[in-house]
Amino acid sequence: MATDIGRARERNEDGLLVEPPFFAVADGMGGHRGGDVASRLALEALREGDRALAERVREANRRVYERSMLDRAVAGMGTTLTAAVLEGDRLRLAHVGDSRAYLLRDGRLRRLTEDHTLVHRMVTRGQLTEEEAAEHPYRSVLTRALGTEPDVAVDEAVVEVRAGDRLLLCTDGLTGMLPESRVAEILRSVRDPQEAADRLVDEANEAGGLDNITVIVLEVEGGGPAGTEDAGTVAGGSTASAGGEPTGTVA
Ligand code: MG
């Protein structure tokens, strides 16, 4: 995992959670310190209690929303949240906003989440091409965020994972700077997951680093022949971790 302020922003309002079986990235927004507060509150809510993943995300929404109502300094804040939980060989995803989850399998990169952005809506309606959307001045405008309304619709998905799969969770500071083809190349070619995470951040910075950049790279290790109970455990990066904290932190 890696999170970086980038080269243009004054603060890193992204956050990440690596606390197996939970993994998540969040990209906070809002003036003053709102963005920091929103992403941190959301990630804290995600790791607490004993609920299904989507319900954790809805609880995170309530907490961010309530704080923004009570504290003028952070009024109007919000965050994206792309969260995953590993349940045996199934990866469950819950998602709001324009951070993303990807699966690299057999060398091919597949996007697992849909951006909740104005430009993505226009792409689905045939009003913009993907290429035009990537360059659009309003490409960061969200149609859905966590914490801006009392309730939020949460996208959910379940993916069966196999040995050799790689999963990437990332904020738009990565995907806004690097084409998916380059992201795929890095995930294919850099063996160590932590080195791959660091390389992704380095290249997003080399491409301009216009936003905060956060990535989690997970590699599915074979625990035995396919179909056995322990097939498909997920290992995070090496002992290196974000922000100098031990593994299992909200950064
Ligand atoms: Mg961002």
Side-chain angles (χ1 to χ4, degrees), residues 1-6 9 11-19 22-30 34-47 53-54 56-58 60-61 64 77-85 91-104 109-121 123 130 133-134 139-148 152-157 159 166-180 183 187 196-197 200-201 204 209-218 236 242 250-251:
M1 59 185 145
T3 185
D4 191 81
I5 192 170
R9 297 293 174 91
R11 288 190 301 272
N12 188 352
E13 299 182 321
D14 283 1
L16 59 83
L17 174 71
V18 175
E19 196 165 294
F22 293 98
F23 307 91
V25 296
D27 179 349
M29 66 207 78
D36 297 353
V37 173
S39 57
R40 202 183 60 242
L41 275 178
L43 292 167
E44 283 172 4
L46 194 67
R47 64 209 280 263
L53 185 66
R56 289 171 188 263
V57 174
R58 285 188 282 269
N61 181 75
V64 176
M77 69 177 170
T79 185
T80 72
L81 185 60
T82 300
V85 61
L91 188 86
R92 186 176 296 277
L93 287 165
H95 162 75
V96 176
D98 68 348
S99 299
R100 291 180 181 171
Y102 287 94
L103 173 69
L104 184 85
L109 191 68
R110 179 157 67 97
R111 206 189 293 177
L112 302 175
T113 49
E114 200 170 358
D115 292 349
H116 299 139
T117 57
L118 198 59
V119 293
H120 180 72
R121 184 182 282 175
V123 168
E130 287 274 2
R139 61 187 174 275
S140 301
V141 175
L142 297 181
T143 52
R144 210 192 295 177
L146 195 117
T148 57
V152 70
V154 179
D155 286 358
E156 293 182 77
V159 182
R166 277 188 163 184
L167 291 142
L168 169 68
L169 303 181
C170 63
T171 59
D172 69 333
L174 178 73
T175 48
M177 289 292 114
L178 289 188
E180 286 181 346
V183 171
L187 289 175
L200 288 166
V201 168
L210 296 180
D211 196 1
N212 307 144
I213 310 146
T214 299
V215 301
I216 299 174
V217 177
L218 302 171
V250 178

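The figures that follow rest on heavy atoms only: side chains count, while hydrogens, waters and symmetry mates do not.
Contact of the Thr148 side chain with the Leu146 side chain is not registered, since no non-hydrogen atoms from C-beta on lie closer than 4.5 Å. The closest side-chain heavy-atom distance from Leu168 to Val183 is below 4.5 Å. Side-chain contact between Val123 and Glu130: present, with at least one pair of heavy atoms (C-beta onward) separated by less than 4.5 Å. Side chains of Val57 and Leu46 form a contact here, defined as non-hydrogen atoms less than 4.5 Å apart. Taking 4.5 Å as the limit, some side-chain heavy atom of Ile216 sits within range of a side-chain heavy atom of Val25. With contacts defined as side-chain heavy-atom distances shorter than 4.5 Å, the pair Leu174/Thr214 does not qualify. Within the 4.5 Å cutoff, side-chain heavy atoms of Thr80 are placed close to those of Leu142.
Not a single side chain to side chain donor-acceptor pair (under 3.5 Å) links Arg110 to another residue, sequence neighbours left out. Partners of Arg121 by side chain to side chain donor-acceptor pair (under 3.5 Å), not counting sequence neighbours: none found. The side-chain contact (heavy atoms from CB on, under 4.5 Å) check on Ala38 picks up Val64, Met77, Thr79, with sequence neighbours excluded. Taking Asp211 as the reference, Arg9 meet the salt bridge (Lys or Arg N to Asp or Glu O under 4.0 Å) condition, with sequence neighbours excluded. Applying the side chain to side chain donor-acceptor pair (under 3.5 Å) criterion to Asn61, with sequence neighbours excluded, gives no partner residue. For Arg139, there are no salt bridge (Lys or Arg N to Asp or Glu O under 4.0 Å) partners two or more places apart in sequence or in a different chain. In this structure Asp115 satisfies the side chain to side chain donor-acceptor pair (under 3.5 Å) test together with Arg100, sequence neighbours excluded. Taking the side-chain contact (heavy atoms from CB on, under 4.5 Å) definition, one finds that Val85 meets it with Pro21, Phe22, Leu53, Glu87, Arg92, sequence neighbours left out. For His116, the ring-ring contact (aromatic ring centres under 6.0 Å, His included) test picks out His95, with sequence neighbours left out. Residues meeting the side-chain contact (heavy atoms from CB on, under 4.5 Å) test with Asp36, sequence neighbours left out: Arg11, Glu13, Arg33.
What you find for Leu43 and Leu16 is that their closest heavy atoms are CD1-N, 3.4 Å. Nearest heavy-atom pair, Leu93 versus Ala84, reported as atom, atom and distance to 0.1 Å: CD2-CB, 3.8 Å. Taking every heavy atom of both residues into account, Ala2 and Ala197 meet most closely at CB-O, 4.2 Å. The minimum heavy-atom distance between Thr113 and Ala101, with the atom names listed, is OG1-N, 3.0 Å. For the residue pair Ala60 and Ala45, the shortest heavy atom distance occurs at CA-CB, 3.6 Å. The minimum heavy-atom distance linking Tyr102 with Thr175 is given by the pair OH-CG2, 3.6 Å.
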(message) Test side chain to side chain contact (heavy atoms under 4.5 Å, CB included) on Phe23 and Met1; report intermediate values, then the result.
(response) CA-CA 10 Å; Phe23 307 91; Met1 59 185 145; over 6 Å; no
(message) Test side chain to side chain contact (heavy atoms under 4.5 Å, CB included) on Leu91 and Leu167; report intermediate values, then the result.
(response) CA-CA 10 Å; Leu91 188 86; Leu167 291 142; 3.6 Å; yes
(message) With side chain to side chain contact (heavy atoms under 4.5 Å, CB included) as the criterion, how do Leu103 and Val159 come out once you've worked through the C-alpha distance, each side chain's angles and the decisive distance to 0.1 Å?
(response) CA-CA 9 Å; Leu103 173 69; Val159 182; 4.1 Å; yes
(request) Given side chain to side chain contact (heavy atoms under 4.5 Å, CB included), test Val217 with Leu200 step by step and report yes or no. (result) CA-CA 10 Å; Val217 177; Leu200 288 166; 4.1 Å; yes
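Using modelled atom types and a 3.5 Å distance limit, the side chains of Asp14 and Ser39 yield no donor-acceptor pair.
Here the CG atom belonging to Asp172 is positioned 6.5 Å from the OG atom belonging to Ser99, to the nearest 0.5 angstrom. Atom CG of Asn212 and atom CG of Asp27 lie 6.5 Å apart (nearest 0.5 Å). Atoms CG and OG1, from Leu81 and Thr171 in turn, are 12.5 Å apart once rounded to the nearest 0.5 Å. Annotation: the span from Arg111 atom CZ to Leu109 atom CG amounts to 9.0 Å, rounded to 0.5 Å.
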